[in-house]
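Contents: one structure, followed by commentary.
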Amino acid sequence: MLLRSNSVFFASIIILTLLIFFLITNIVTRRRAEKALRESQERMKAILKASPVGICLVVNRKLDWANEEMYRMTGYEQCSRIGQSVRILYPDDKEYNRVGRELYAGITKTGISHVETRLVKRDGTTFDCRIQACNLDPTDPAKGQIIALTDISKTKLFEAQLLQACKMEAVGTLAGGISHDFNNLLQAIMGYTQLLLLKQSKEDPEFAQLKQIEKSARRGGELTRRLLTFSRNVESKPKPLNLNNEIKRAYTILKRTIPKMIDIELILEDDLKSINADPMQMEQILMNLGVNSRDAMPDGGRLIFETKNVVLDEEYFKTNPTAAMPGEYVMLNIADTGCGMGKETMEHIYEPFFTTKQVGKGTGLGLAMVYGIVESHGGYITSYSKPDEGTNFRIYFPVLKEDIEKQASEKKEEEIQGGGETILLVDDEEAVLDIAKGMLEHFGYTAITAESGEDAIEIFKKSNPYPDLVILDVGMPGMGGHKCLKELLKIYPEIKVIIASGYSENGKVEKTVKSGAAWFIAKPYRLTGMLKKVREILGSG
């Protein structure tokens, strides 16, 4: 009996020990699991806190939970919207319902859904975002949806900027392709008109009409140059200048052309720093924006030109990602009190050929050209406008490191002088040859013509003595102007050559000029200007 009692006792002890062991093991395991869970939760909290994406749980389209980034993106205080409808984040019921339908359809079909929309912050401002959603429990949609919000405002901005650049490149390619032929046509119109003007006195009735034809042809040439300018297919000729001086010159012109009920105000910084810019292109910016403001104020108003030295720091570029680089800038502010523009119009103002003016009142190149000029100068342009609140353009030009402006004295108008030298004209356009020959002979020169580079070489070889000057077109079929110049220089290295072209002064034209030409003149050119340059080059020998 005693032995049996001892056996039972020891068995009980063993069972009790095992129970205690399993209990302790279970407690340790549970505590380890709890610790691991706490650590996992802390990691998840840290991840959600550091996430650049707004994440939230939405149940029955009401906010159940959200991370800090979600509140930061929308501008609300943390936990302030728990239990509230997410409708407040949408601009209207139509967008709220659209997003809901598309998210539901996407989740139902693939388990995850993507939608782009525009949400409203607490302060009323909006931002573009991408919403990604999936069910918290794939088997029970009623438990809610996990929503991830990504702010894509900057991405949209970069996409718009890239699209604008592509449009400009496309139009620039088109302009570059047609500029040579188009300028040759304009050269013929201008040339024949100027020849007729030489035979007319200012008192003749036809004189004013011929001047209008000449003016229209010049405007056609300017139209091509504008296309090339904003597309960067023409090189600017920058020099150190004070923007205040350019504004004062533009002010003088605008004062004579803008209706008197529009007041022009100048608010110019006294010690404005210099910029490196093309004076003609600065004038184009001022005149384009000034004329636009005039058209926006048919009943009168105020047009303001303001300049200021500013420093754009890192903070500025965080909110303006498309701006250039931090540093010192000269700000040009042009504002008016006109009719203003709506949001839809503002999204298209820099597009080539976009205009709100009536047919025949505008080309749609004004602001596109302004945009291109600013970009080519390393600058940055912003615009603001609302209907009935006027329009404001702010342009920032980098300050010139060497803050010195060289003032060139204006040359007095000189009379055209002729001469008895022999000039070889080379161009594939018969009309251009005819005009230039007639003008040169009118002023006493002997003019020889060639319709190709090959003809020019043969004529030059047979000439005794050689012609004193060659006026050579670049864009000709066959040998072309560049190779023709090289062959002429081989025959007679001292020959003086003026390069004429309807293309912009870059690329192939620039290469030809650097090969040994004495000068470059862009078509369509004024024959009087060409004659002065001819005399200057011949006289220099």
Side-chain angles (χ1 to χ4, degrees), residues 172 175-188 190-191 194 217-218 220-222 224-229 231-239 278-281 376 408 411 416 421 423-429 432-433 435-436 439-440 445 447 449-450 452-453 456 460 467-477 479-489 492-541:
I178 67 170
S179 62
H180 180 70
D181 292 337
F182 186 60
N183 283 330
N184 272 337
L185 293 173
L186 292 173
Q187 185 66 66
M190 284 182 63
Q194 289 164 15
R218 284 203 307 272
E222 179 62 26
T224 307
R225 282 191 290 274
R226 287 184 179 186
L227 282 166
L228 294 170
T229 295
S231 62
R232 300 190 191 182
N233 275 352
V234 64
E235 296 294 330
S236 61
K237 297 179 180 179
K239 68 176 185 178
D278 185 320
M280 291 298 294
Q281 292 184 358
S376 69
K411 295 181 180 180
I416 299 172
E421 292 90 347
I423 299 174
L424 173 60
L425 299 166
V426 188
D427 202 301
D428 61 320
E429 289 287 337
V432 174
L433 290 175
I435 294 162
M439 181 66 79
L440 289 168
Y445 295 100
T449 62
S452 68
F460 198 86
D468 300 284
L469 177 71
V470 177
I471 300 177
L472 175 65
D473 182 47
V474 174
M476 297 183 295
M479 177 182 284
H482 179 68
K483 190 173 181 181
C484 180
L485 173 62
K486 291 175 70 176
E487 293 298 320
L488 289 173
L489 290 172
Y492 183 43
E494 287 76 30
I495 185 63
K496 297 180 176 70
V497 180
I498 294 177
I499 295 296
S501 177
Y503 295 120
S504 57
E505 190 181 356
N506 57 17
K508 194 171 184 178
V509 175
E510 185 178 7
K511 181 181 177 183
T512 305
V513 172
K514 289 181 178 179
S515 296
W519 194 257
F520 168 80
I521 186 167
K523 295 179 181 178
Y525 52 78
R526 291 176 64 87
L527 292 176
T528 52
M530 183 265 284
L531 287 165
K532 287 179 182 179
K533 184 53 62 177
V534 166
R535 188 66 265 156
E536 179 184 327
I537 291 174
L538 289 173
S540 65

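- Residues Ile495 and Pro467 share a closest heavy-atom pair of CD1-O, 3.3 Å.
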Working for side chain to side chain contact (heavy atoms under 4.5 Å, CB included), residues Leu488 and Val470
CA-CA 9 Å; Leu488 289 173; Val470 177; 4.2 Å; yes
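- Using a 4.0 Å cut-off between a side-chain N of Lys or Arg and a carboxylate O of Asp or Glu, Arg535 and Glu421 qualify as a salt bridge.
- Separation of atoms CG (Leu485) and CG (Leu472) is listed at 6.5 Å; rounding is to 0.5 Å.
- Put simply, CD1 on Ile499 and CD1 on Ile471 are 10.5 Å apart, with the number rounded to the nearest 0.5 Å.
- With sequence neighbours excluded, no residue forms a ring pair (Phe, Tyr, Trp, His ring centres under 6.0 Å) with Tyr445.
- Within the model, atoms CG of Leu425 and CD1 of Ile435 stand 11.5 Å from one another, a figure rounded to the nearest 0.5 Å.
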Go through it in stages, so that I can follow the logic: the residues are Asp473 and Val426, the test is side chain to side chain contact (heavy atoms under 4.5 Å, CB included), and I'd like the CA-CA distance, side-chain angles, deciding distance and then a yes or no.
CA-CA 6 Å; Asp473 182 47; Val426 188; 6.0 Å; no
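- For the pair Met479/Ser452, no side-chain contact is recorded, criterion being any heavy-atom separation below 4.5 Å from C-beta on.
- Rounded to the nearest 0.5 Å, atoms CG (Asp428) and CG (Leu433) are 8.0 Å apart.
- One distance of note links CD of Glu487 with CZ of Phe460; it measures 12.0 Å at 0.5 Å rounding.
- When all heavy atoms are compared, the tightest approach of Ala456 to Cys484 is CB-SG, 4.1 Å.
- Taking a 6.0 Å sphere around NZ of Lys483, one finds it holds 12 or fewer heavy atoms contributed by other residues, nucleotides or ligands.
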Might you work through the side chain to side chain contact (heavy atoms under 4.5 Å, CB included) test for Ile498 and Val534, ending with a clear yes or no?
CA-CA 8 Å; Ile498 294 177; Val534 166; 4.1 Å; yes
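- In this structure, the side chains of Met439 and Leu531 come closer than 4.5 Å at one or more pairs of heavy atoms.
- Between the CD1 atom in Ile537 and the CG atom in Asp468 there is a gap of 12.5 Å [rounded to 0.5 Å].
- In terms of heavy-atom proximity, Gly453 sits nearest to Met476 at N-CE, 3.8 Å.
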